[in-house]
Amino acid sequence: MAKILDVASVRIEADSSGAERDARRSGEKAGREFAQGADSELRSARPAPLKVPLDPLTADFERMVRAQLAQLARQVNLKVPVNAEGERLRAQVAAQIRGVESTLRAEIPVDPEGAAEFRRKLAAQVAVAEKTVRANIK
């Protein structure tokens, strides 16, 4: 059995000689990491797209192309026989129509020369689809 001989009061203090320095270093490190993360996020962020209304000529051309595509789809559905060759033609024309529609959803250049080139490429895609339909419909 243990016997208590004397009671003493002891005050314990933490060694704070380097605490201030350590706090400053960890704060600087955290600050650097935060700044580097924010900087990399800013560099990788894409600017928000700017929506510009189409000029009337391009808007009319787009409506005309969509009408032509709808007419082609109707012709294929009405005039192509239901057989293996007809299904192949339907799939081919559908792929061409999807290609034209994806081009319509693409970014349209704002400058007049770029818009004219865009319309020319779109008209060429529609012409290829029309040629495919006309060559196979009797």
Side-chain angles (χ1 to χ4, degrees):
M1 178 148 145
K3 209 179 209 189
I4 299 178
L5 298 175
D6 196 8
V7 177
S9 176
V10 177
R11 184 172 175 203
I12 300 175
E13 290 185 17
D15 180 20
S16 62
S17 60
E20 185 178 321
R21 180 190 64 226
D22 293 343
R24 186 174 7 92
R25 284 183 183 166
S26 64
E28 288 172 356
K29 182 180 177 187
R32 276 194 307 273
E33 290 173 355
F34 177 77
Q36 288 170 351
D39 188 41
S40 66
E41 283 184 29
L42 287 175
R43 288 184 188 177
S44 66
R46 290 183 52 191
L50 179 63
K51 296 206 180 225
V52 178
L54 290 176
D55 66 286
L57 183 61
T58 304
D60 288 343
F61 183 76
E62 183 180 333
R63 279 192 289 278
M64 181 187 73
V65 166
R66 289 189 190 279
Q68 287 176 330
L69 293 177
Q71 181 184 16
L72 284 175
R74 278 193 303 275
Q75 285 179 351
V76 168
N77 286 332
L78 293 176
K79 296 182 181 179
V80 173
V82 180
N83 58 23
E85 184 65 25
E87 291 306 313
R88 184 197 59 76
L89 176 63
R90 280 186 178 86
Q92 181 181 5
V93 172
Q96 290 173 340
I97 288 173
R98 280 192 304 274
V100 173
E101 288 175 343
S102 68
T103 303
L104 281 173
R105 286 189 294 271
E107 295 177 3
I108 301 172
V110 179
D111 63 296
E113 295 83 19
E117 180 66 19
F118 174 79
R119 288 191 297 269
R120 187 193 63 74
K121 286 181 182 177
L122 204 56
Q125 285 181 327
V126 172
V128 168
E130 284 179 339
K131 183 178 176 184
T132 302
V133 171
R134 288 195 179 120
N136 291 293
I137 292 180
K138 297 171 174 96

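Only heavy atoms go into these numbers, but all of them, side chains included; no hydrogens, no water, no symmetry mates.
- Legend: residues meeting salt bridge (Lys or Arg N to Asp or Glu O under 4.0 Å) with Glu101, ordered by chain and number and at least two apart, are absent.
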Show me the donor-acceptor pairs within less than 3.5 Å that the side chains of residues 121-129 make with the rest of the protein, sequence neighbours left out.
from, atom 1, to, atom 2, distance (Å)
Gln125, OE1, Thr103, OG1, 3.1
Gln125, NE2, Thr103, OG1, 3.4

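- Scanning for salt bridge (Lys or Arg N to Asp or Glu O under 4.0 Å) contacts around Arg90 gives Glu87, with sequence neighbours left out.
- Between Glu130 and Val133, every side-chain heavy-atom pair lies at or beyond the 4.5 Å cut-off.
- Judged as a side chain to side chain donor-acceptor pair (under 3.5 Å), and not counting sequence neighbours, Arg105 has no contacts.
- Residues satisfying the side chain to side chain donor-acceptor pair (under 3.5 Å) criterion with Gln96, sequence neighbours excluded, are Thr132.
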Just distance, no hydrogens or angles: give the donor-acceptor pairs under 3.5 Å from side chains in residues 69-78, sequence neighbours left out.
from, atom 1, to, atom 2, distance (Å)
Asn77, ND2, Ala73, O, 3.3

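- Partners of Gln92 according to the side chain to side chain donor-acceptor pair (under 3.5 Å) rule, which considers only residues two or more places apart in sequence or in another chain, are Arg88.
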